[in-house]
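Keep in mind it's a predicted model, so treat the numbers as computed, not measured.
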Amino acid sequence: MTHHVSRFNSASRTAMGKERIHLDELDQNKSLDQEEYKKLLKKHQLELLNTQLVLRETKRSLVIVMEGPDAAGKGGAIKRIGERLDPRLLRVYSIIKPTPEEYEHHYMWRFWNKLPPYGTATIFDRSWYGRVLVERVEKFCSETEWKRAYREINEFEKQLADDGTIFVKLYLHISKEEQLSRFKKREADPYKHWKISDEDWRNRKSWSAHNDAAEEMFEKTSTDVAPWTIIPANFKWYARVRAVKAVAEQVTKALGI
């Protein structure tokens, strides 16, 4: 049976104030078998490569933001997005806690020099949205700071979009039960043990708070120029295909090809 992989556009609706997304109510039963996965992945990766070849001839750039809870499969999705592209035209940044120098500046400062030159793309594995997600929940910033960040982020993205930047913002979500299963597998696998830390287990204790922060983030920052796409990710093959397809579709539309 072939499952139709269609765009999940509820995040765009929340930006218009029609309804709020409840992450733990997402349909996590969407899956693909291996044959479907390989076929669709190849198809959408080729579509994405074709958009990259057009993008490189323009005075535009592509910014892909990847967010989601720990173990949601962001790394696997990023790998599939980039593996068939021209690596000379793509950069991937994994965003970790700020350095001492970065702490001495506005939180957006460290992202400016990572933005892609015209004709190229950058993927952010976590991003400036940390201010309204983990920094908010873990109280690494004040309430005044994270509430102000919604406006700052929207203005930042609007400024870049006006200059031709294409934004694709993906949020991969898994159930709390699936996250526990993946955590246990990581602890038991010597090749993946580095992927799990005490911080991951601590964040898990604030599951509801992290979801609340993400749901408000969709409401406040899913805009016409930079909408959020939310992907149910309990089944990794489905999530990876869905991520590649979302990028290819949105870039194709933005470039008019």
Side-chain angles (χ1 to χ4, degrees), residues 2-15 19-34 36-45 47-48 51 62-85 92 94-95 121 123-127 129-130 132-134 166-179 181-182 207 210-219 221-223 226-254:
T2 300
H3 299 257
H4 178 58
V5 186
S6 61
R7 181 161 182 204
F8 185 95
N9 61 4
S10 294
S12 298
R13 292 201 299 272
T14 64
E19 64 180 273
R20 178 165 181 161
I21 295 219
H22 297 286
L23 286 170
D24 283 341
E25 295 178 5
L26 290 179
D27 180 4
Q28 290 285 2
N29 294 313
K30 298 179 180 181
S31 62
L32 298 170
D33 62 34
Q34 189 173 34
E36 292 171 323
Y37 169 67
K38 290 181 178 179
K39 178 181 177 181
L40 289 173
L41 183 64
K42 183 178 180 180
K43 174 179 183 288
H44 297 310
Q45 285 180 330
E47 292 170 348
L48 185 55
T51 68
L62 170 62
V63 170
I64 302 170
V65 171
M66 189 76 67
E67 294 284 357
D70 297 323
K74 296 182 293 297
I78 289 170
K79 178 180 178 181
R80 274 69 186 186
I81 290 170
E83 68 182 350
R84 300 295 184 184
L85 298 180
V92 179
S94 180
I95 303 302
I123 303 176
F124 288 95
D125 183 356
R126 300 200 184 278
S127 65
Y129 283 98
V132 297
L133 293 173
V134 66
I166 301 166
F167 280 95
V168 180
K169 302 188 304 193
L170 307 178
Y171 192 94
L172 273 61
H173 189 68
I174 54 175
S175 67
K176 191 175 183 181
E177 295 73 23
E178 178 64 18
Q179 186 190 60
S181 174
R182 293 184 185 185
W207 179 268
H210 283 284
N211 277 1
D212 288 343
E215 289 164 9
E216 184 171 0
M217 175 186 74
F218 303 141
E219 289 183 302
T221 65
S222 192
T223 63
W228 279 101
T229 297
I230 302 166
I231 300 175
N234 272 15
F235 292 92
K236 292 182 179 180
W237 288 350
Y238 172 83
R240 291 168 182 173
V241 168
R242 185 64 193 83
V244 177
K245 183 175 189 286
V247 178
E249 283 183 338
Q250 293 183 49
V251 179
T252 296
K253 181 179 179 181

Point to revise | CG on Leu85 to CG on Leu48, rounded to 0.5 Å | key: 4.5 Å
Check your understanding: Are Phe124 and Tyr129 near enough that their ring centres are under 6.0 Å apart?
Key -> no
Check your understanding: Is a side-chain N or O of Glu67 found less than 3.5 angstrom from the main chain of Leu170, in a donor-acceptor match?
Key -> no
Practice item. Look at the side chain of Gln45 and the backbone N and O of Val244, then say whether any donor-acceptor pair between them is shorter than 3.5 Å. Key: no
Practice item. Apply the test salt bridge (charged side-chain N to carboxylate O under 4.0 Å, His left out) to residues Arg182 and Glu178: give CA-CA distance (whole Å), side-chain angles for both, the deciding distance (0.1 Å), then the verdict. Key: CA-CA 6 Å; Arg182 293 184 185 185; Glu178 178 64 18; 2.8 Å; yes
Practice item. Measure from the side-chain N and O atoms of Lys169 to the backbone N and O of Thr221, and report whether any donor-acceptor pair falls under 3.5 Å. Key: yes
Review point. Is there a side-chain contact between Phe167 and Leu62, using heavy atoms and a 4.5 Å cut-off?
Key: no
Point to revise | Where Ala214 and Leu23 come nearest, the two heavy atoms and their spacing | key: CB-CD1, 3.8 Å
Practice item. Answer whether the closest heavy-atom distance between the side chains of Tyr37 and Ser31 falls below 4.5 Å. Key: no
Point to revise | NZ on Lys236 to CD1 on Ile174, rounded to 0.5 Å | key: 9.0 Å
Exercise for review: Find out whether Leu133 and His210 are in side-chain contact, i.e. whether some heavy atom of one side chain is under 4.5 Å from a heavy atom of the other.
Suggested key: no
**Study point:** Salt bridge Glu219-Arg20, side-chain N to carboxylate O under 4.0 Å
**Key:** yes
Review point. CD1 of Ile231 to OH of Tyr171: how many Å apart, nearest 0.5 Å?
Key: 12.0 Å
Check your understanding: Just by modelled atom types, is the Lys245 backbone N or O under 3.5 Å from a matching donor or acceptor in the Lys43 side chain?
Key -> no
Review point. Hey, does Leu32 have a side-chain heavy atom less than 4.5 Å from the side chain of Val241?
Key: yes
Point to revise | side chain to side chain contact (heavy atoms under 4.5 Å, CB included) evaluation trace for Thr229 with Gln250 | key: CA-CA 10 Å; Thr229 297; Gln250 293 183 49; 3.1 Å; yes
Check your understanding: Within a strict 4.5 Å, meaning less than it, do heavy atoms of the Asp125 and Ile95 side chains meet?
Key -> no
Review point. Salt bridge check: are Asp33 and Lys39 linked by an N-O gap of less than 4.0 Å?
Key: no
Point to revise | Donor-acceptor contact present, side-chain Arg80 to main-chain Gly75, <3.5 Å | key: no
Revision key, fill the gap. On a heavy-atom basis, the closest approach of Ala71 and Gln179 is CB-CG, 4.5 Å
Point to revise | Heavy-atom side-chain proximity of Val65 to Trp228 below 4.5 angstrom | key: yes
Check your understanding: How far apart are the C-alpha atoms of Lys38 and Leu41, what are their side-chain angles, what is the distance that settles it, and do they pass the side chain to side chain contact (heavy atoms under 4.5 Å, CB included) test?
Key -> CA-CA 5 Å; Lys38 290 181 178 179; Leu41 183 64; 5.9 Å; no
Review point. Any side-chain heavy-atom pair from Ile81 and Met66 closer than 4.5 angstrom?
Key: yes
Review point. Nearest heavy-atom pair of Ala248 and Thr252: which atoms, and what distance?
Key: O-OG1, 2.7 Å
Review point. If you round to the nearest 0.5 Å, how far is OG of Ser222 from CD1 of Ile21?
Key: 8.0 Å
Exercise for review: Report yes if the side chains of Leu40 and Arg242 come closer than 4.5 Å at any heavy-atom pair, otherwise no.
Suggested key: no
Point to revise | Between His173 and Asn234: side-chain donor-acceptor atoms closer than 3.5 Å | key: no
Check your understanding: Which heavy atom in Ala233 sits nearest to a heavy atom in Gln28, and how many Å separate them?
Key -> N-OE1, 3.2 Å
Revision key, fill the gap. When rounded to the nearest 0.5 Å, the distance separating CG of Asn211 from CD of Glu25 is 10.5 Å
**Study point:** Contact summary for Lys30 and Phe235, nearest pair of heavy atoms
**Key:** O-CD1, 3.2 Å
Practice item. Identify the two heavy atoms, one from Leu172 and one from Ala239, that lie closest to each other, and give their separation to 0.1 Å. Key: CD2-CB, 4.5 Å
Check your understanding: Does Lys74 reach the main-chain N or O of Gly68 with its side chain, forming a donor-acceptor pair under 3.5 Å?
Key -> yes
Review point. Roughly how far, to the nearest 0.5 Å, is the OG atom of Ser175 from the CG atom of Leu26?
Key: 10.5 Å
